[in-house]
Amino acid sequence: MIAYLFGTKPDMDAYIAAISIPGIISGIGISAFSLSLIPFLVKNAPDRNRFMKITGKCLFVTIFIAAIISILGIISSNTVLNTIAKGLSKSSLDLAIKISEILWVVVSISLLNSYLIAVYHSLKLFIIPALITPLPALLIIASAWWISSTLGITSIAIGWFLGVAIQAIILFLGVKSHLTYNPAVLINFNDIEAYKPFKNMLPAILALLPFTALQPIEVFWASAFQSGSISYLGYCQKFVVSLGPILIYGISLVSFPYMAKEYAEGKILNTRTILANALRLGLLSTAPVICLIPIIIHEKLWVGFKWGAFDEQSIRGVASVLPFYLLGMIPMALMNIVIRGYAANRNFKIPGLIGALSIILYFSLTGFFSLFFTFVGIGIAYLVYWVLIFIISVLLLDRKLLDVNFLRFISKLAVCLILAFITMLIFFPWANNLSGSVIGSLITLFLGGLLSLIISYKVLKINEIFIILNKTLKELNKLKQIKIYDS
């Protein structure tokens, strides 16, 4: 819908520039609240009086922090955007500043919502947060559809604001009985224990930087190139950031508690085995996206994707850089498992250090490659960046993970995917001419997937996927039997 209405026009460049910094704060804040607050609140949940005091104090601190972030963000919007998006036209910069001011309010409310959701989860209340999760997205679409004709792309920010505001009201009404409102309790700063989770957020924030701090750097370099360059990269980012975690979510979710349990019991070898198996399955889940590339680079496919403002120029721009983002998505998604490996080992210092250095690394890589390949160079930098971050993170976590067996497994999988890639490259033009772009794409994907499965299982003997899936299903069945999902 957004692509249909706005395509890759200068207004979309302005919007992506406006969201770059608020997006970092929002993404980091939401994840950091989850990592730091939920274990602390769960620990104190059995004592109702103590829990109410802590939740009230933490709410007070959250509102204070969110308000400060929002005020500072609004005040600095002009300076920040003139720095990171200096290549935009004056009208686009003015629009970006206007949108950014709304988005900083959205960020503050989102942080508040993250805290309230943490309270829900600590009380084992999951239904309401799950039901209202789509609200911002739905209101963004509705707002863009109904009022974009008068307010333009600013309608997206307005829809987002309405979505998080309604979320906040619903969330607060659901847990208000679990919070204290006594001013004497809220302003009593002697109870240092209640503020402990906020002190522990810094390592978590630094560890999340490799995932969240990339877009402002891309905006900085891409703003110097042709109009639409920021939008091309923005659509690619949205695609891989949405697809990658979905492909890896179940694996990381199931493996993490087992890694933590084995490590807590001192069974380091078992922890390594679980992590290695999770990485293998993660690679098997994400690597097949390589087979999409022969379709993406074929121009005839995109004829069917011209829609509204997403015209031929937009299609060509996205198609030229998306293959590099798809390849970079593989190590990026696997990093979700690696980060949980560090968390299971209770080691946050190394991810924090890598996170701090990752900004310098990505800024240097994007600057270097864009010098030779313009905005496409930023896509190349994205691929190189995630490969380096993944290798460094794994080696510092446990270098024995990259043993001979794992490297042999990667080489087998690479051969399988190359063969599937070549097959799809040959078959797609034939399938496209036979039945049209969309149906032809589906036929090609089916042939490529079938060939990959046959080669991987019968020729290269990559049977890990069947072994690991069988074990995973058995473990899930055990969890179901002990009613772990009842809450």
Side-chain angles (χ1 to χ4, degrees), residues 25-72 105-136 161-205 208 253 256-257 260 264 343 346 348 482-487:
I25 305 300
S26 179
I28 288 177
I30 291 170
S31 300
F33 270 88
S34 176
L35 289 171
S36 302
L37 282 170
I38 292 177
F40 178 75
L41 293 175
V42 168
K43 179 182 175 182
N44 289 276
D47 186 342
R48 179 171 173 77
N49 290 331
R50 174 67 177 162
F51 184 78
M52 288 181 65
K53 289 180 181 179
I54 288 175
T55 52
K57 286 189 173 194
C58 288
L59 177 63
F60 179 76
V61 174
T62 301
I63 292 173
F64 177 77
I65 292 173
I68 293 296
I69 289 174
S70 182
I71 293 168
L72 291 176
V105 179
V106 170
V107 167
S108 64
I109 301 174
S110 297
L111 292 176
L112 173 61
N113 291 347
S114 299
Y115 170 70
L116 293 173
I117 289 172
V119 175
Y120 272 87
H121 287 175
S122 66
L123 294 168
K124 299 181 181 179
L125 302 171
F126 303 102
I127 295 177
I128 292 177
L131 289 176
I132 66 172
T133 296
L135 269 178
F161 167 77
L162 292 173
V164 295
I166 294 171
Q167 271 187 330
I169 294 169
I170 296 172
L171 289 169
F172 177 75
L173 291 175
V175 294
K176 65 177 183 178
S177 60
H178 298 281
L179 307 170
T180 185
Y181 308 99
N182 187 342
V185 174
L186 296 178
I187 62 175
N188 179 13
F189 299 105
N190 294 325
D191 188 4
I192 300 175
E193 182 70 15
Y195 308 110
K196 188 176 179 181
F198 296 96
K199 295 180 181 178
N200 296 333
M201 281 187 184
L202 182 59
I205 289 171
L208 292 166
L253 187 68
F256 177 61
R346 300 171 188 173
F348 293 101
I482 62 174
K483 300 181 180 180
I484 193 77
Y485 295 129
D486 282 359
S487 58

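Panel note: side chain Ser26, backbone Ser110; no donor-acceptor pair is recorded below 3.5 Å. Remark: side-chain polar atoms of Gln167 are not paired, donor with acceptor, to backbone N or O of Pro136 under 3.5 angstrom. Side chain of Asn113 to main chain of Leu171: no donor-acceptor pair is present (N/O by atom type, distance under 3.5 Å, no hydrogens or angles). Side-chain atoms of Thr62 come within 3.5 Å of backbone atoms of Cys58 as a donor-acceptor pair (strictly under, hydrogens ignored). Using a distance-only test at 3.5 Å, with no hydrogens or angles considered, no donor-acceptor pair links the side chain of Tyr120 to the main chain of Ile127.
In this structure, CD1 on Ile63 lies 10.5 Å from OG on Ser108, to the nearest 0.5 angstrom. The line from CG of Leu116 to CD1 of Ile170 is 12.0 Å long, rounded to the nearest 0.5 Å.
Put simply, the residue from Val106, Leu111, Val107 that forms a side-chain contact (heavy atoms from CB on, under 4.5 Å) with Val164 is Val106.
Counting non-hydrogen atoms of neighbouring residues, nucleotides and ligands closer than 6.0 angstrom, the CZ atom of Phe51 exceeds 12 such neighbours.
Here the side chains of Thr55 and Val175 are not in contact, with every heavy-atom distance at 4.5 Å or above.
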### Task
For Leu59 and Leu112, run side chain to side chain contact (heavy atoms under 4.5 Å, CB included): C-alpha distance rounded to whole Å, both residues' side-chain angles, the deciding distance at 0.1 Å, then the answer.
CA-CA 8 Å; Leu59 177 63; Leu112 173 61; 3.4 Å; yes
### CA sep, side-chain torsions, deciding dist, call: Tyr115, Val61, side chain to side chain contact (heavy atoms under 4.5 Å, CB included)
CA-CA 10 Å; Tyr115 170 70; Val61 174; over 6 Å; no
